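In what follows, a single structure is set out as structure tokens and then discussed.
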Amino acid sequence: MTTDNCYIVNFKEYKNLDYAQVADDVLKFWQENKVFEKSVEIREGNPTFTFYEGPPSANGTPGIHHVMARAIKDIFCRYQTLKGKQVKRKGGWDTHGLPVELQVEKELGITKDDIGKKISVEEYNKKCRETVMKFTDQWNDLTEKMGYWVDLDDPYITYENNYIESVWHLLKTLYDKGLLYKGYTIQPYSPAAGTGLSSHELNQPGTYKDVKDTSLTAQFKVKLTGKSGFLFDAADSDNIYILAWTTTPWTLPANTALTVGKNIDYVLVKTLNPYTYLPVNVVLAKDLAGKYFNEKGKDGDFAAYNDGDKIIPWKVVMEFKGNFLESIEYEQLMPYVQPESAAFRVITGDFVTTEDGTGVVHTSPTFGADDFRVAQQNGIPSIMVKDEAGKDVPIVDRRGRFVAEITDFAHEFVKEAYLTEEEKEIEREKQGRDKYLSVDERIAIKLKTENKAFNVQRFDHPYPHCWRTDKPVLYYPLDSWFIRTTAAKDKLIALNNTINWKPESTGTGRFGNWLENLVDWNLSRSRYWGTPLPIWRSEDNEEVCIGSLAELENAIKHALKDDVLTEEQRAANEKFLGLLLAGTEDLHRPFVDEVYFVSASGKVMTRETDLIDVWFDSGAMPYAQWHYPFENHEIFEKAYPADFISEGVDQTRGWFFTLHAISSLVSDSVAFKNVVSTGLVLDKNGNKMSKRLGNAVNPFDTLKKYGADPTRWYMITNAQPWDNLKFDQAGITEVRNKFFGTLTNTYNFFALYANLDEYKINEFERVPYASLTELDRWILSKLQTLVKEVDESYENYEPTKAGRAIQDFVCDHLSNWYVRLGRRRFWKGEMTEDKKAAYETLQQCLVAVAQLMSPIAPFYGDWLYRNMTEHIREEAKEKGTPLQHESVHLTDYHPYEVEYVDEDLETSMDLAQRICSLVHSLRKTNKIKVRQPLSKILIPILSETTREQIRHVVELIKTEVNIKAVEYLDDASGVLSKKVKPNFKALGPKFGKDMKAVAAVITEMSAEQLKALEEKGGLEINGYQLSLEDVEIQTEDLPGYLTASDAGITVALDINITPELKQEGIARDFVNRVQNFRKDSGFEVTDKISIRLLDSDEEVSAGVLAFKDYISQEVQALSLEIVPEIAEGQEVEFEELTLTVKIEVV
RNA sequence: GGGCUUGUAGCUCAGGUGGUUAGAGCGCUACACUGAUAAUGUAGAGGUCCGUGGUUCGAGUCCACGCAGGCCCA
């Protein structure tokens, strides 16, 4: 920073700017001045923009992907604040759930089985509560360092009583609407142990064992209906069967559907049943037919077949896709129990494979998880019977035995492994056989004789076993609490259609399909650390759902009045009530489990021991974060639903769904109007980051090394938020050098000269627009276009577009064109109106850029803004003028001032840039450096418009490429030769198929024909009526000149160097050498010098003398002499010569 | 196995409604520039636009079927 100078420093100058330091400094400024708080306060009374924070879990450390996710959230909140909205952002913490439990168990070295034995539930939960906030400090640290604005002083925490009370209220609301019910799901169940097993338990090593089971391919007889008619027609027979394979024949009495894959190929095969030899036509997957039919029997002779022959003839009758089978009805295979509604039809499911069996899955909803799901989605009922209490139960009881209704096998264990040797012996005697035959085996025999089995085999496969008893598990319906989301499916879908998803496909595809295939939300979790289900039940299935602490209190008090409870129960109730009244109760297990109610009929009611799915916790946050409806009615109403949320795409069926479901069911509303689902952050090779593999990027290190702004800018501009990001630190370096470096250079350039000139922004006395140069007007026009584009991009949740547009503006337009071409205006002479205009224009651009970039790069944006405006802030505050704000985050978004947009000028400038580029190219090919002036360029002009467009910028072109004149060549010159090309876009709709012929005609058009076309505006050739729009006319090379062309523009360069030009070239070169010398010698920009040049080369001396005034002015020389002798001069390389000069400060 | 998604230069990415010669930045090579200099300009090398079919006068773009990676689910 320059401090020891005699002029006033209005703008700080920086060397070797450290962006991490910028972030630290600005952060400190924010904290000391409460800028975040102010940014919310100053918008009080304005329309709100509501953002919901998806709560992270603080039991793990934050990663680099959190920087990405939170940058997205931050950007739109900051942007909306600039747009005048009040944006409150309440932070939150997710605290319940399995990851916390597993971490605690790991730390304590225990398993789930030890809970209640080695450690009490109370201690266990206490430990969970401690662990879950373990890394809060790190999270808070990251939040600050990355510049994420969120209110962390008053976050919502899902384990707190207020939060749980709101969750209970929501559950009660659903309960009262009849949307909360007790049902069942199919889960692994051990009849021997009498308990369900978690997937965690099932994944223990050793649970899967190889067993030999009886596998059976059953024949399901197809009924003749409209749907199945094509099979009957093709087979010309009534004996049509669908084959389905199972390794659990005992589930066949519970079959209610057959599931096929809609894209799988199936065949109808005419053959004979291998056990009964009856003629049959069977349906199975084409790929699996080889497993059932001997190649030797293909297209065999049916008439020649004798019962018992090994080779059974068969013939493929037809082939079709699975969707043709959908809705075909069949006869019940083992009609012991009838379903309550229509069943026995073919449905489609996505889990069907052609690896085993027949490509048709026998579906019994009570004994398979897939079966249950697909049946529910298709409205297929289960086979159930009533128990003594009148409750629906499956046909196998909880000990693994058939119920009485399965008459042939009543009360028999479905798996042989469940019988002891003695029990087997007793059964053997009952069966009257030499050897005990299992239920599966006898079902097989029965079906064989009934012409219902097509194949029976022993089958080796791995099968899960209970880790406690070593006996096989069954997939069995177990009690669970559900939210009846399917009842509101249409509403969920309709509301989803009103949500703006970024990207759209996540909403329509991933989320939309999920809603289309919705099943009821299974809320139950058999665990310890979570929100308890607030439902109490009695033996007689009397139920009460608690929706508030007040209700809980009343229920306890009511129970204490009765004398139904035992002494222990009374004592427990009294203890809890005491804590409740004192406000020190804990609503978690085991405490709530020790609360007892008394039902209307005088029965003891105990809590259902389930916890609820943690996803309900987070989905409840719109309500529960405000302890609604118990408090904060007004706040809630203003902050519901959210305008915007954002999380990873993996949350689609998680948080996005639970928010949507709860909100739709409880409030008939969406929970959020706009949602950005973000992609993953991968390592630079595209692999998933993981701590284990060691390729995880530490966010703190990254922020420290590169600074938050370049890191954020890189992440946002490199890929769209919803695409996966391959995180490469080299990319941050690139962004830092290219974008931030260029912008900082531009600022430093401005600051350097503005300080020299003691320039100060005057907000209202500006050089009038009419007096601005073309270059000023051009960059201001570009700036307006940028303001509009960035605004639209942010508005539409497209931060990548916004960032890239800003980047292009800064690097390509502002720095590389406006500043480069305008440099001289800043460094030459005294303050003139033109110089002032240059300062004002550049200042306006920099202040605007600071604001536009501030949502993405909040520290740097503020840094730039404050540097630009610091010197005037106090004055602006007094006057209440626009630059009064102490932070860019407190400003109002730059208005789009369409009157500054000059599209003609932008086109002109575009032409200028292209022309300059062509001239540079020509100079390069002829090895003529830019410092050598040339006399002229020639530009062929095909229209007056083009001539006019170039005329506006001709001075710029001349300066930029160092030429004396631009001349135009038009038709009148007679030297233009034109080339004509077909304009396919225009020709296509007119000529279609004749395109090739027309294109040929155009390409071969003669000069006369082209002239005629140009003059008349239309021409008929070979019967094709052509108009001027159908062709593109370009000029060809000019004979006798060096030319270059690009997209319709041609430039010819006159490379003839006259002696005068040569001298001027020498003068310019000389200026260059002196400037280098000044710089190398460390002269101040303001130093005046004297120059003496040794007279050693005639041409050089002549050139220098001829341009003495010019040189003196350029290098700020007070004297310039050519002398015959120099003592202690410096040697300077000059072309092939070495000159001796003496340059001194005077 | 299903849904969604991605595939364009060595790397990271652009390429409205189809228009014939596919672009940018980085990296590489060469040259130039040097009072913005951790820059800059010009030129060059570098592409089976994942594959195969199809629609069309014309396909990176539209359709179908595949292949490979990713996410979610099973």
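Bear in mind that the values here come from a model prediction, so they are computed numbers and not experimental data. First the proteins, then the strands, lettered A, B, ... as listed; each starts at 1.
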5' precedence on RNA chain B between A/Asp728 and A/Phe351 (nearest-nucleotide basis): A/Asp728
- prompt: What interatomic distance, in whole Å, is found between P of B/U5 and the corresponding atom of B/C65?
  reply: 14 Å
- prompt: Given the C1' atoms of B/U17 and B/U61, what is the spacing between them in whole Å?
  reply: 11 Å
- request: Output all residues satisfying side-chain contact (heavy atoms from CB on, under 4.5 Å) with A/Lys1088, sequence neighbours left out; order by chain, then residue number.
  value: A/Gln1116, A/Leu1118, A/Val1146
query: Quick one: do the A/Gln187 and A/Tyr475 side chains pair a donor with an acceptor below 3.5 Å?
result: no
message: Measuring to OP1 and OP2 of B/C33, would you say a side-chain N or O of A/Asn1072 lies under 4.0 angstrom away?
response: no
message: Check this one for me: any side-chain N or O of A/Ser505 less than 4.0 Å away from OP1 or OP2 of B/U5?
response: yes
- line: Residues passing the side chain to side chain donor-acceptor pair (under 3.5 Å) test with A/Arg736, sequence neighbours excluded, are none
task: Evaluate the ring planes of A/Phe826 and A/Tyr839, with Trp represented by its six-membered ring, and classify them as parallel (under 30°), tilted (30 to 60°) or perpendicular (over 60°).
output: perpendicular
- request: Return yes if a side-chain donor-acceptor contact under 3.5 Å exists between A/Trp817 and A/Asp812, otherwise no.
  value: no
- request: Could you tell me the separation between the CH2 atom of A/Trp501 and the P atom of B/C71, rounded to a whole number of Å?
  value: 19 Å
- prompt: Which base sits across from B/U55 as a Watson-Crick or G-U pair, both distances under 3.5 Å?
  reply: none
- line: The nucleotide from B/C71, B/A36, B/A14 with an atom nearest the side chain of A/Arg820 is B/A36
query: Applying a 3.5 Å limit to both distances, which nucleotide forms a Watson-Crick or G-U wobble pair with B/G10?
result: B/C26
message: Looking at B/G18, which nucleotide sits across from it as a Watson-Crick or G-U wobble partner, both distances under 3.5 angstrom, or is there none?
response: none
- request: With the side chain of A/Arg510 defined as its heavy atoms from C-beta on, choose the nearest nucleotide among B/G3, B/A14, B/A36.
  value: B/G3
task: Give me the ring orientation class for A/Phe11 and A/Tyr759: parallel if the planes are under 30° apart, tilted from 30 to 60°, perpendicular past 60°.
output: parallel
- request: Could you give the distance separating B/A45 and B/G60 at their C1' atoms, to the nearest angstrom?
  value: 23 Å
field: Gap in Å between the two P atoms, one belonging to B/C26 and one to B/A39, rounded
entry: 10 Å
message: Nearest whole Å is fine: how far is B/A36 P from A/Leu846 CG?
response: 16 Å
- prompt: Can A/Tyr19 and A/Thr744 be counted as having a side-chain donor-acceptor contact under 3.5 angstrom?
  reply: yes
task: Sticking with atom P, work out how far B/G16 lies from B/A43, rounded to a whole angstrom.
output: 25 Å
field: Distance-only donor-acceptor check, side chains A/Asp728 and A/Tyr714, under 3.5 Å
entry: no
field: Whole-Å gap separating C1' (B/U12) and CH2 (A/Trp713)
entry: 17 Å
query: What is the distance from CD of A/Gln729 to P of B/C26, rounded to the nearest Å?
result: 20 Å
message: Suppose you measure atom P in B/G70 against the same atom in B/C62; what distance do you get, rounded to whole Å?
response: 25 Å
message: Looking at A/Ser815 and B/A39, is any side-chain donor or acceptor paired with a base atom of the opposite kind under 3.5 Å?
response: no
query: What integer distance in Å separates A/Leu682:CG from B/U5:C1'?
result: 13 Å
- request: Between A/Trp722 and A/Tyr753, just flag the one whose closest nucleotide in RNA chain B comes earlier from the 5' side.
  value: A/Trp722
Residues from residues 734-746 of chain A lying under 4.0 Å of RNA chain B - heavy atoms: A/Glu734, A/Asn737, A/Lys738, A/Asn745, A/Thr746
query: Are the ring centres of A/His660 and A/Phe511 closer than 6.0 Å?
result: yes
message: Suppose you measure atom C1' in B/C49 against the same atom in B/G7; what distance do you get, rounded to whole Å?
response: 10 Å
- line: Scanning all shown strands, the Watson-Crick or wobble mate of B/C4 with both distances under 3.5 Å is B/G70
- prompt: Nearest to the side chain of A/Asn724 - B/A36, B/G70, B/C71?
  reply: B/G70
- request: Quick one: look up who B/C31 pairs with, Watson-Crick or G-U, both distances under 3.5 Å, and put none if it's unpaired.
  value: B/G41
query: Rounded to the nearest Å, what distance is computed from the OH atom of residue A/Tyr747 to the C1' atom of nucleotide B/A39?
result: 19 Å
- request: Could you work out which one of B/A74, B/U12, B/C73 sits closest to the side chain of A/Arg653?
  value: B/C73
- line: In whole angstroms, the gap separating P of B/C72 from CD of A/Glu516 amounts to 22 Å
message: Students often get this wrong, so: under 4.0 angstrom with heavy atoms, is A/Gln720 touching a base, only sugar-phosphate, or nothing?
response: sugar-phosphate
query: Taking OP1 and OP2 of B/A36, is either one under 4.0 Å from a side-chain nitrogen or oxygen of A/Arg823?
result: yes
message: Say we look at B/C33 and B/G46: how far apart would their P atoms be, to the nearest angstrom?
response: 28 Å
- prompt: Between A/Thr717 and A/Thr800, is any side-chain donor less than 3.5 angstrom from a side-chain acceptor?
  reply: no
Length of the CG-C1' vector between A/Asn513 and B/G3, whole Å: 6 Å
